[in-house]
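Working notes, beginning with the structure itself.
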Number of protein chains: 2
Amino acid sequence: MDQRRNSAPGSAPGGGDSGETGFNDIGLPRSGGVGNQLRKIVTLSRDFERHVGAALAVNPTDLSAMEHLMVAGSLTPSELSRRLDISTAATTLVVDRLVTLGHVQRHPHASDRRKVVVVPAVASVARAVEALMPVIGGVAALTQELSPEDRAVIEAFLTQVVEIYEVALAPDEALDAGGQPAA
Amino acid sequence: MDQRRNSAPGSAPGGGDSGETGFNDIGLPRSGGVGNQLRKIVTLSRDFERHVGAALAVNPTDLSAMEHLMVAGSLTPSELSRRLDISTAATTLVVDRLVTLGHVQRHPHASDRRKVVVVPAVASVARAVEALMPVIGGVAALTQELSPEDRAVIEAFLTQVVEIYEVALAPDEALDAGGQPAA
DNA sequence: CAAACATAGCTAGGATGCTTAGCAATAAGG
DNA sequence: CCTTATTGCTAAGCATCCTAGCTATGTTTG
């Protein structure tokens, strides 16, 4: 089971190692504690994903596929390939591997004989839920305990962070924005 | 240039599609808006990374290497392989590719003739900074505008999220914690 | 109705990026 | 000095993806 660490120090906010504000020596602004924390969460999320994958003996793509299947209940290979943004040929191999490990089964489609339906195995879903629970459960509990005021502050902030990313990823605005977000 | 999308709907907090609280149909708790936003940030961060990689004509591993080099100023292949958590042989190939594209150069080490020093090219750093700036600059600006009270709320929250991940990733505690974080 | 077109998912061969094993050169330790 | 350890590279092999192509099936058109 190959689990590769690949933490990028720069593509998530943070911009450097220091907790101060201003600019670091390569010209990136420092976000202080908040930016560093966001960056750390991104890195830890990736680590956790690999941790869960190791527990279920699957590679990152296969784990992602399992998670999509769990959420959707079942999917055809074409639907899965669209969600994973990989070719249908690669999806066939993903499903092959997952079938071999007993994580999913292929069933004929109810009304279209060209199609296959990929269904997660009940035991596999239970194992995946158990592996995911520490983080998802932890964050759910944490957010339950927030006061309405605190929740509003955090949600407003995170909404703006999402907006920054979306602007940065938009085809034309990204070039024009250049550092001035819509917020 | 191969940029693979691989968004996992389950390994970051969120636990499902609905904004309500409670449990979804596969047993994962719902975190409401905050959990979904965190999940979205994780996904968008990955998308942004691929976006930046495309702009610089590098794959995810090579981009991560570039970012480590930018932050550190320069690194030996062994140091780089440790940070990337890949073998030194793979690191050699990463550096080969980056050298070919003009993103880095190899120099002899100043005092140890076994060693090589990998140095990012100035023009490459400038291009990378430019590509990263929309998000890093945006988040830096956003956090500058926070009131001290709001900042404290957000930092406390994010600290706890980080803690949840770290507990989940710790070798022995993760099994014992089981959903009761240290917070 | 039949023909043309579209869709589904799989197979085969190839490309890419990683691994392990091994090596020559060099550095460190006794 | 000799032994051990470190460095980073080469070569072969493996895992996972891609494109091209195919058969079976479903939909649209005349």
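We name chains A, B, ... by the order of the sequence lines, and we start the count at 1 in each one.
Put simply, CG on B:L84 is 14 Å from P on C:dG17, counting in whole angstrom units. Put simply, CD1 on B:I86 is 19 Å from P on D:dA15, counting in whole angstrom units. Atom pair B:L63:CG and C:dG17:P shows a separation of 13 Å (rounding to whole Å applied). Rounded to an integer number of Å, the gap from CZ of A:R82 to C1' of C:dG9 is 12 Å. Protein atom CG of A:L80 is 15 Å distant from nucleotide atom P of D:dT16, rounded to whole Å. Rounding to whole angstrom units, CG of residue B:D112 and P of D:dG8 are separated by 8 Å. Atom P of nucleotide D:dC9 and atom CG of B:L98 are separated by 13 Å, given to the nearest angstrom. Whole-Å rounding puts the B:D96 CG to D:dC9 C1' distance at 9 Å.
For C:dG9, neither phosphate oxygen OP1 nor OP2 lies less than 4.0 angstrom from any side-chain nitrogen or oxygen of A:T91. Considering only side-chain N and O atoms, A:T88 lies nowhere under 4.0 angstrom from the phosphate OP1 or OP2 of C:dA8. For C:dC18, neither phosphate oxygen OP1 nor OP2 lies less than 4.0 angstrom from any side-chain nitrogen or oxygen of B:S87.
Atom CD of A:E79 is surrounded by more than 12 heavy atoms from other residues, nucleotides or ligands within 6.0 Å. The number of heavy atoms from other shown groups lying within 6.0 Å of CD (A:E166) is above 12.
Neither A:V42 nor A:I154 shares a network with the other; the hydrophobic side chains, linked directly or stepwise wherever heavy atoms of I, L, V, M, F, W or Y lie under 4.5 Å apart, form separate groups for each.
For A:L93, the listed nucleotide lying nearest its side chain is D:dC17; candidates were C:dT19, D:dC9, D:dC17. Nearest to the side chain of B:K115, among C:dT19, C:dA12, D:dG8, sits D:dG8. Relative to the side chain of A:S78, the nucleotides C:dG9, D:dC18, D:dG8 differ in distance, and C:dG9 lies closest. Among C:dT20, C:dC18, C:dC10, the nucleotide with an atom closest to any side-chain atom of B:A89 is C:dT20. When each of D:dC17, D:dT19, D:dT25 is scored by its nearest atom to the side-chain atoms of A:R113, the top-ranked nucleotide is D:dT25. In this structure, the nucleotide among C:dG9, C:dG17, D:dT19 sitting nearest to the side chain of B:N59 is C:dG17. Of the candidates D:dC9, D:dT19, D:dG8, D:dG8 carries the atom nearest the B:T76 side chain, counting heavy atoms from C-beta on.
Between A:A90 and B:R106, the one whose closest nucleotide on DNA chain D sits nearer the 5' end is B:R106. Residue-to-nucleotide proximity on DNA chain D shows that, of A:R97 and A:R114, the 5′-proximal contact is made by A:R97.
One N or O on the side chain of B:R127 and one on the backbone of B:A55 form a donor-acceptor pair closer than 3.5 Å. Put simply, the side chain of B:R151 gets close to the backbone of B:T143: a donor and an acceptor are under 3.5 Å apart.
Between B:V119 and B:V117 there is a side-chain heavy-atom pair separated by less than 4.5 Å.
Across all strands, A:V94 comes closer than 4.0 Å only to sugar-phosphate atoms, never to a base (heavy-atom distances).
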